[in-house]
Amino acid sequence: MNRLTDDLFGGAPKLKTAPVLVPMPAPRAYSYSVPDDMAVEPGSIVQVPLGSRLVAGVVWDRLGEDDVDPKKLRPIAKVFDCPPLTKEMRAFIDWVAAYTLTPPGLVARMALRAPAAFDPEPMIEGLRFTGVRPERMTAARERVLALVDEGFPWTRSGLAHAAGTSSSVIDGLAAQGSFETIFLPPPPVVARPDPDYAAPRLEGPQTDAAADLVEQIRNGHFAVALIDGITGSGKTEVYFEAIAEVLRQGRQVLILLPEIALTASFLERFQDRFGAKPAEWHSDLAPRMREKVWRQVTTGEVRVVAGARSALFLPFEDLGLVIVDEEHDPAYKQEDRVFYNARDMAVVRARIGNFPAVLVSATPSVESRVNADNGRYQVLHLPTRFGEAALPDLHLVDLRRHPPQRGGFLSPVMIRAIGKTVERGEQALLFLNRRGYAPLTLCRVCGHRFQCPQCASWLVEHRFRGQIQCHHCGYAERTPEACPECGTFDHLAACGPGVERIAEEVEKHFPEARTIVLSSDLMGVKRLRLELEAIAKGEADIVIGTQLVAKGHNFPLMTLVGIVDADLGLSNGDPRAAERTFQLLSQVTGRAGRTGLKSHGLIQTYQPLHPVMQAIVSGDARDFYEREVGEREKAMLPPFGRLASVIVSADSRAEAEGHARGLRQSAPGISGIAILGPAEAPLALIRGRHRFRLLVHGQRSSDMQAYLRTMLANGPKERGSILVQVDIDPQSFL
DNA sequence: AGCACGCCGACT
DNA sequence: GTCGGCGTGCTC
């Protein structure tokens, strides 16, 4: 008995029905009738009428309680000729939906993000030589027949092109019976990677780590490994061996990367090892390519996908391994529509599929570190650099002892180091994680500060563009010449540095040096790639960059890395500030020393004793992580213990901050407040329009609720805020 | 989420 | 007189 077949009419004629997840925020699947001549099974991808339009949906396992009026049932329009979603994929979608409190239809929609891909790609028309030679021979015909003699099929235009003729020659031969038309399967988007294409280049601890991973793959069960290795230690080469083993088993592999790390150089590295590129999956893939990749992933034709977080929802035919590279990267969090952290959901995907997951980072997230300490993850440690690479010498520059000149932001120590580097013909990288010229502008006459009219943040001056901009909401206006408050001209003062201002200072000290600013607002991705290539070739002496210089690219001549303001970001109230700063500074200083040249890092700070600075210069982060775990416990951030807590949710960070301020004043029993984005998975307990969560923890949750009710009742922005008391089990994703 | 329906302001 | 803004409500 087909369990999808429900007898809705007692003795009346039987009507086949099926539950279908539709791309809509309904709490459960909808019922559709199945035409007599149609066969569906759980996982079938179908087209159904919904309101006035046709949408793609998935036949689901169960309907749940069903009280829908049978008269409302509409028939499934068609079943796509496409492999059904596997049982694992369906279980994954249900799990993610339940965990993130997202309607299952919206999660399923993420797996169907390739509009026209559900029907098979059309076959390619090809020609094969029949052995029949034409009565009359010509030179052009001769050339064509010489090519086809080997018996392989050709496309009509391909053959004409290869023979240097027009396609009418081919048509003429076909009319003589020289060719038969055959249909060829569409070409694969990428060639099959060969696990034994190039021998692995492994040494020392890499060999053991790779052997451990291969062993895990051979066991073929769920397990999580954390590759914890410093920059340049060869982490990629190690997980490539795990991939090779999965390929030998004939199963598929998913490599998750933060979008920005999906570079040509990564794909080339993969190709060097496996003889073919992985298929790419990210948001700006051309639609046609997107469909092909989706299709070939479902059929198993594509064996390895390298993708951004959304690739996690691709319906693999037989996934056998998931890798999460740069697992600490905040880009894994999706904070719109469906809120999830792809790193955590990758672990869930592996558990449901009963295969290994590998998390990779030079600076693991505190969450992963805790999971490793608790024995949930196996740690593979790579403590040394690979090959020629040597770690840069790192030194703190105490800005209290070596202050910059008046009006400047670079310490004399830093300026001397830049000078020596440039003299040697090497490159210097100055890192400041702040776009624009100055983060705050004020009037020296009346004290007016330029503030965004739409939100509350300061307007940032962008001198190259002649604008002042809000980095929060995107508001921008031309830089005014006079103070809008008191009308005074020429008395507006720029406060604090941005990369543009550092460039100005550098140009003053080194007028002959070739200086370039790399900032996301100054160039598109294409332009950026060109600039990065030019820099790698030595076409710049001093590079000044924001966050985007932290990732990926290697600069062989880069022997000095200078952090302009290492303290930036430590004081913004984010409970993860120290961890983020540590990760960012590690990445940036890791840009130096990738070749044999001796390299240095100078870190300007007012807090040389801060644990982040100590961890960075000592290269030993153990104490730092231990401390961070303690701080997290105090702030009640995941992934710790089971807590009785209260969560307030708000529509914006500003609103959440307002609530936090109010709470600190009005509720003395509070022991911790943390403001979280919606993808903090274990806290994904409130849905709706609310975008930020304020997790408040106190001695007694009933007291907390009372405080919160009072505060929200009196607050000016209470609209849309709700209260929930919850028990959180932050480890529940395992 | 998407789309239709519905009720009030500036324009061919 | 219409085009079009986005508020409200519904979809098996």
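Chain letters run A, B, ... following the sequence lines, proteins first, then strands; residues in each count from 1. Just so it is clear, the model here is predicted, and its values are computed rather than measured.
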TODO: Whole angstrom is fine here: how far is it from CD1 in A/Ile76 over to C1' in C/dT11?
DONE: 16 Å
Open item on the list: Closer than 3.5 angstrom, by distance alone: can the side chain of A/Glu317 be matched with the main-chain N or O of A/Glu301 as a donor-acceptor pair?
Closed with: no
- [ ] State, without any angle test, whether A/Glu327 and A/Ser365 hold a side-chain donor-acceptor pair at a distance under 3.5 Å.
- [x] yes
- [ ] Report the distance from atom CH2 of A/Trp60 to atom P of C/dC12, rounded to the nearest whole Å.
- [x] 19 Å
Task: Spacing between A/Leu50 atom CG and B/dA1 atom P, to the nearest angstrom - done: 14 Å
Task: Shortest side-chain distance from A/Ser52, nucleotide among B/dG2, C/dC12, B/dA4 - done: B/dA4
- [ ] Verify the contact: side-chain N or O of A/Arg53 to OP1 or OP2 of C/dC10, cut-off strictly under 4.0 Å; return yes or no.
- [x] no
- [ ] Using atom CD of A/Gln47 as one end and atom P of C/dT11 as the other, report the distance to the nearest whole Å.
- [x] 20 Å
Task: Whole angstrom value for the distance that separates C1' of C/dC10 from CZ of A/Arg74 - done: 12 Å
Task: Atom-pair distance (NZ on A/Lys71; P on C/dT11), nearest Å - done: 15 Å
TODO: Quickly work out the A/Leu73 CG to C/dT11 C1' distance and round it to whole Å.
DONE: 13 Å
TODO: Give the minimum heavy-atom separation between A/His328 and A/Pro364, together with the two atoms involved.
DONE: CB-C, 4.2 Å
- [ ] Give a yes or no on whether the ring-centroid distance for A/Phe316 and A/Phe92 is below 6.0 angstrom.
- [x] no
TODO: Take atom CE of A/Met24 and atom C1' of C/dT11, then tell me their distance rounded to the nearest Å.
DONE: 5 Å
